[in-house]
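These notes concern the structure reproduced below.
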Amino acid sequence: MTRPTQTDLILRDCTAADIAAIHGIYAEAVRSGTASFELTPPSVEEMTARWAALAEGGYPYLVAISDGAVAGYAYAGAYRARPAYRGTVENSVYVDEGYQGRGVGRALLAELIVRCEAAGFRQMVAVIGDSGNRGSIGLHRAMGFREVGVLRSVGWKHGRWLDTVLMQRPLGPGDTTPPGAARKG
């Protein structure tokens with residue numbers, strides 16, 4: 001497989017037709033990785049419901065297409081459900097194993113940041129599974145996130161305790177203004 005360039009990648013909104021491929025990427029991450037603390041991959045129907053809920057809530061959900069295939073996906077959702085958190089989103093980025101280390105995650109996260117800023121969000125939080133997840137930590141650091149904390153040994157998966165790394169990035173004017181008027185809490 002050749003390394004995709006930025007011109008090879010097409011970033012676009014996720015559609016229902018993308019969910020099967022997204023399911024495959026996520027199911028592999030759940031089964032073999034530590035980025036997600038789910039222990040059993042959710043069904044395609046559950047993944048569809050999750051996507052629909054985010055889309056209905058007005059949150060961005062993106063896919064990266066390379067060579068006609070879904071190479072990765074990223075989305076933002078509510079950081080917490082209570083109204084005071086309405087200006088803060090939590091991001092997720094997953095890249096197919098065959099495309100990791102090729103700029104797909106960076107392209108997705110950059111576009112996700114742009115979309116969230118345009119929507120009036122003021123903070124983005126990354127909740128990264130496993131302090132050993134150097135790829136995700138490095139990606140977020142390169143995109144302007146800073147580490148704000150580590151929750152030690154909060155998840156048990158693959159026969160060992162895992163940490164959660166919390167990283168944060170201001171969006172747009174950050175905490176100098178309230179969240180965008182378009183966002184209702």
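Everything numeric in this text was worked out from a predicted model, so none of it was measured.
The line from CH2 of W51 to CD1 of I19 is 5.5 Å long, rounded to the nearest 0.5 Å. Between the CZ atom of R160 and the NE2 atom of H158 there is a distance of 7.5 Å, given to the nearest 0.5 Å. Once rounded to the nearest 0.5 Å, the distance linking CG of L9 with CG of D67 reads 9.0 Å.
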Quick one, T48 with S43, criterion side chain to side chain contact (heavy atoms under 4.5 Å, CB included). Give me CA distance, side-chain angles, the key distance, then yes/no.
CA-CA 9 Å; T48 300; S43 67; over 6 Å; no
Take Y73 and L62, measure what side chain to side chain contact (heavy atoms under 4.5 Å, CB included) needs, and give me the verdict at the end.
CA-CA 6 Å; Y73 68 99; L62 308 170; over 6 Å; no
Does the pair L108 and L11 meet the rule for a side chain to side chain contact (heavy atoms under 4.5 Å, CB included), with working shown?
CA-CA 7 Å; L108 282 164; L11 301 179; 3.8 Å; yes
Side chain to side chain contact (heavy atoms under 4.5 Å, CB included) assessment of N133 paired with V165
CA-CA 9 Å; N133 190 342; V165 178; over 6 Å; no
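For residues 161-174, the set of pairs meeting the salt bridge (charged side-chain N to carboxylate O under 4.0 Å, His left out) definition, not counting sequence neighbours, comprises E117-R169, R152-D163. Here salt bridge (charged side-chain N to carboxylate O under 4.0 Å, His left out) pairs that include residues 15-29, with residues two or more places apart or in two chains, are R12-D18, E28-R31.
For the pair R141/E147, a side-chain contact is recorded, criterion being any heavy-atom separation below 4.5 Å from C-beta on. Between F145 and I113 there is a side-chain heavy-atom pair separated by less than 4.5 Å. In this structure the side chain of V63 reaches within 4.5 angstrom of the side chain of I22, judged on heavy atoms. When side chains are defined from C-beta on, M167 does not count as touching V148, because their heavy atoms never get closer than 4.5 Å. Contact check for L139 versus R106: side-chain heavy atoms found under the 4.5 Å cut-off. Using a 4.5 Å heavy-atom threshold, the side chains of V127 and N91 count as separate. In this structure, the side chains of L166 and V150 stay at 4.5 Å or more apart for every pair of heavy atoms. Two residues are said to be in side-chain contact when any heavy atoms from C-beta on lie closer than 4.5 Å; Y79 and Q123 fail this criterion.
Taking hydrophobic clusters as Ile, Leu, Val, Met, Phe, Trp and Tyr residues chained together by side-chain heavy-atom distances below 4.5 Å, L54 shares a cluster with M124. By the criterion of side-chain heavy atoms lying less than 4.5 angstrom apart, applied directly or through intervening Ile, Leu, Val, Met, Phe, Trp or Tyr residues, V44 is grouped together with V30 in one hydrophobic cluster. Under the 4.5 Å side-chain heavy-atom criterion for grouping Ile, Leu, Val, Met, Phe, Trp and Tyr, M47 is connected to V70 within one hydrophobic cluster. The hydrophobic cluster containing I137 does not contain L151, counting ILVMFWY residues as joined when their side-chain heavy atoms lie under 4.5 angstrom apart, directly or transitively. No single ILVMFWY cluster, assembled from side-chain heavy atoms under 4.5 Å apart, contains both Y85 and V89.
Taking both residues in full, the closest heavy atoms of G105 and V93 are given as CA-CG1, 4.0 Å, listed atom of the first, atom of the second, then distance. Closest approach of P179 to G87, counting heavy atoms only: CB-CA, 3.6 Å.
Between the side chain of R122 and the backbone N or O of P173 there is no donor-acceptor pair closer than 3.5 Å. Judged by distance alone, with hydrogens and angles left aside, the side-chain atoms of R102 form a donor-acceptor pair with the main-chain N or O of G98 at under 3.5 Å. A donor-acceptor contact shorter than 3.5 Å links the side chain of H140 to the backbone of S136. Judged purely by atom type and a 3.5 angstrom limit, R115 has no side-chain atom pairing as donor or acceptor with the backbone of L112.
By the salt bridge (Lys or Arg N to Asp or Glu O under 4.0 Å) test, R134 is found to be paired with no residue, residues two or more places apart in sequence or in another chain being considered. Not a single salt bridge (Lys or Arg N to Asp or Glu O under 4.0 Å) links E90 to another residue, sequence neighbours left out.
The aromatic ring centroids of Y99 and Y94 lie 6.0 Å or more from each other.
In the hydrophobic clustering, W156 connects to W161, either directly or through intervening members, whenever side-chain heavy atoms lie under 4.5 Å apart.
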Give every donor-acceptor pair under 3.5 Å between a side-chain atom in residues 33-40 and any protein atom, sequence neighbours left out.
| residue | atom | partner | partner atom | Å |
| --- | --- | --- | --- | --- |
| T34 | OG1 | D130 | OD2 | 2.9 |
| S36 | OG | Y26 | OH | 2.7 |
| S36 | OG | E38 | N | 3.1 |
| E38 | OE1 | R50 | NH2 | 3.2 |
| E38 | OE2 | Y26 | OH | 2.5 |
| E38 | OE2 | R50 | NH1 | 2.9 |

